[in-house]
Amino acid sequence: MAKTGKVILTCALTGAIHTPSMSEHLPVTPEEIIEEGVRAAEAGAAILHVHARNPKTGQPDQSVEGFQKIVPELSRRSRAVINITTGGSPFMTVAERVEPARHFRPELASLNMGSFNFGLFPMLDRYHNFTHQWERQHLESSRNLVFRNTFAEIEEVLSLCAPGRTRFEFECYDLGHLYNLKHFVDRGLVRPPFFIQSVFGLLGGIGAHYEDVATMRRTADRLFGNDYVWSVLGAGAAQMRVGAMAAAMGGNIRVGLEDSLWAGPGKLASSSAEQVRLARSILTGLGLELATPDEARATLELKGTGDVGF
């Protein structure tokens, strides 16, 4: 739970996993991503996790130009914290992935804390018709995909973003990633509070069982004590279930169409904002309040909007 006693709700708007043919509601163009973010913020999201896409094909786009069409307008129309991905797509190099965050100096950027198998190919059993040729290849090629995040590459991202005083959403897909973060903490390369985003339910990472969630929490407590802020995301159908588990343990939640296309069994979410409202209803039922963007900034000790490059 945040230091304010309120829950920080992050919304990840489009990501690089799902392809356009999977849902007509997945935002692809800059205009769609901006509108998606504005709606999510109005629904209660304090942080907006941003990826860009090619507006014609829907492919992930990690160019500075792609983010330039999104981030300034999204910031102008919302008080939410803008969180720029350095994960990009697992098919990109780290040099490609880090460039938007280095260039724009956001308050917050994501950072994957280790390499791991990244299996998207099971989705081929559920989706058979694709509009764009790249979509099927994107899923099929993940059978032989390692999402590279070596120690040297993680240190490179930390180094390149340090001049901009950008802080990080440390994405941990498995228990070992928490220990990787501890390595960088012990070397003095990152300082508290550490915003740890535990990722559950992706093939190649930790599962989405209650014991997986509890083990992640216990391990982070042991490694970081009171020096971290814990958030979770559950992939696909696990999204709200994992969020509810973590909220009951004092955690924060991430939702959005990057992580799941669904708003219930067999029901496609019409927007990320719909998922924000669902998460908010869970928190209300638990007697918890949402943090405002400025309360999230205070909890995470972010630099504020006065020194960003957009």
Side-chain angles (χ1 to χ4, degrees), residues 1-2 5-18 22-27 36-37 39-51 80 83 110 120 122-123 126-127 169 171-174 195-218 220 229-292 296:
M1 188 180 297
K6 298 180 181 181
V7 178
I8 298 172
L9 193 54
T10 296
C11 187
L13 305 174
T14 189
I17 292 177
H18 298 118
M22 295 178 182
S23 172
E24 63 180 348
H25 305 296
L26 184 72
E36 191 80 359
R39 287 193 296 266
E42 290 173 346
I47 299 173
L48 300 177
H49 177 81
V50 182
H51 286 244
N83 175 354
S110 66
L120 306 177
M123 287 193 280
R126 302 194 297 276
Y127 300 98
E169 172 199 22
E171 296 199 11
C172 296
Y173 295 76
D174 218 335
F195 185 34
I196 296 176
Q197 189 73 253
S198 296
V199 183
F200 299 93
L202 282 170
L203 181 60
I206 197 168
H209 189 274
Y210 167 78
E211 289 295 338
D212 297 318
V213 179
T215 300
M216 270 279 201
R217 179 60 154 167
R218 287 194 299 266
V229 177
W230 186 50
S231 184
V232 305
L233 73 88
Q239 185 181 68
M240 295 300 163
R241 183 171 68 250
V242 167
M245 292 179 206
M249 296 180 204
N252 303 279
I253 302 176
R254 177 174 132 174
V255 297
L257 296 181
E258 171 173 349
D259 304 330
S260 173
L261 296 175
W262 305 97
K267 180 180 183 294
L268 285 172
S270 61
S271 67
S272 288
E274 182 178 5
Q275 295 176 343
V276 171
R277 289 190 290 270
L278 286 171
R280 188 170 191 164
S281 69
I282 291 171
L283 297 173
T284 299
L286 293 171
L288 299 170
E289 294 182 74
L290 287 185
T292 67

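Taking all atoms of both residues into account, the shortest heavy-atom contact from Ala269 to Leu257 is CB-CD2, 3.9 Å. Summarising the geometry of Ile196 relative to Cys172, their closest heavy-atom pair is CG2-SG, 4.1 Å, with the distance given to 0.1 Å. Between Gly256 and Cys11, the closest heavy-atom pair is CA-SG, 4.0 Å. Taking both residues in full, the closest heavy atoms of Leu290 and Gly44 are given as CD1-O, 3.5 Å, listed atom of the first, atom of the second, then distance. When all heavy atoms of Leu48 and Ala40 are compared, the pair lying nearest together is CD2-CB, 4.1 Å. Closest heavy-atom contact between Ala248 and Leu286: N-CD1, 4.1 Å.
For Asn252 (side chain) and Leu9 (main-chain N/O), no donor-acceptor pair under 3.5 Å exists by modelled atom type. The main-chain N or O of Pro27 is found under 3.5 Å from a side-chain atom of Thr14 such that the two form a donor-acceptor pair. No donor-acceptor distance shorter than 3.5 angstrom exists from the side chain of Thr215 to the backbone of Asp212, with no hydrogens or angles considered. For the pair Glu171 (side chain) and Val199 (backbone), a donor-acceptor distance under 3.5 Å is absent. Panel note: side chain Gln275, backbone Trp262; a donor-acceptor pair is recorded below 3.5 Å. Within the 3.5 Å criterion, the main-chain N or O of Ala43 finds no donor-acceptor partner in the side chain of Arg277. Judged purely by atom type and a 3.5 angstrom limit, Glu289 has no side-chain atom pairing as donor or acceptor with the backbone of Lys6. Using a distance-only test at 3.5 Å, with no hydrogens or angles considered, a donor-acceptor pair links the side chain of Gln197 to the main chain of Val232. Between the Arg217 side chain and the Met249 main chain, a donor and an acceptor come within less than 3.5 Å of each other.
From Met216, atom CE reaches atom CZ of Phe200 across 5.0 Å, with rounding to the nearest 0.5 Å. In this structure, the separation between CG on Asn83 and NE2 on His51 is 8.5 Å, given to the nearest 0.5 Å. For the atom pair OG1 (Thr10) and CD1 (Ile47), the distance works out to 3.5 Å, reported to the nearest 0.5 Å. The distance from the CE atom of Met240 to the OG atom of Ser281 is 7.5 Å, given to the nearest 0.5 Å. Here the CD1 atom belonging to Ile253 is positioned 7.5 Å from the OG atom belonging to Ser231, to the nearest 0.5 angstrom. One distance of note links CG of Leu261 with CE of Met22; it measures 7.5 Å at 0.5 Å rounding.
Results of the side chain to side chain donor-acceptor pair (under 3.5 Å) test with Asp259 over Gln239, Arg254, His18 single out Arg254 as the only residue that passes.
Taking the side chain as every heavy atom from C-beta outward, Glu36 and Ser271 approach each other to under 4.5 Å. Annotation: side chain of Leu203 is in contact with side chain of Pro122 (closest heavy-atom distance under 4.5 Å).
For His209, the NE2 atom counts as loosely surrounded, since its 6.0 Å shell holds 12 or fewer non-hydrogen atoms of other residues, nucleotides or ligands.
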TODO: Tell me, with the steps shown, if Ser110 and Glu169 meet side-chain hydrogen bond (donor to acceptor under 3.5 Å, both in side chains).
DONE: CA-CA 4 Å; Ser110 66; Glu169 172 199 22; 4.5 Å; no
Open item on the list: For a side chain to side chain contact (heavy atoms under 4.5 Å, CB included) check, start with the C-alpha distance between Ile17 and Met123, then their side-chain angles and the critical distance, and finish with the verdict.
Closed with: CA-CA 10 Å; Ile17 292 177; Met123 287 193 280; 3.8 Å; yes
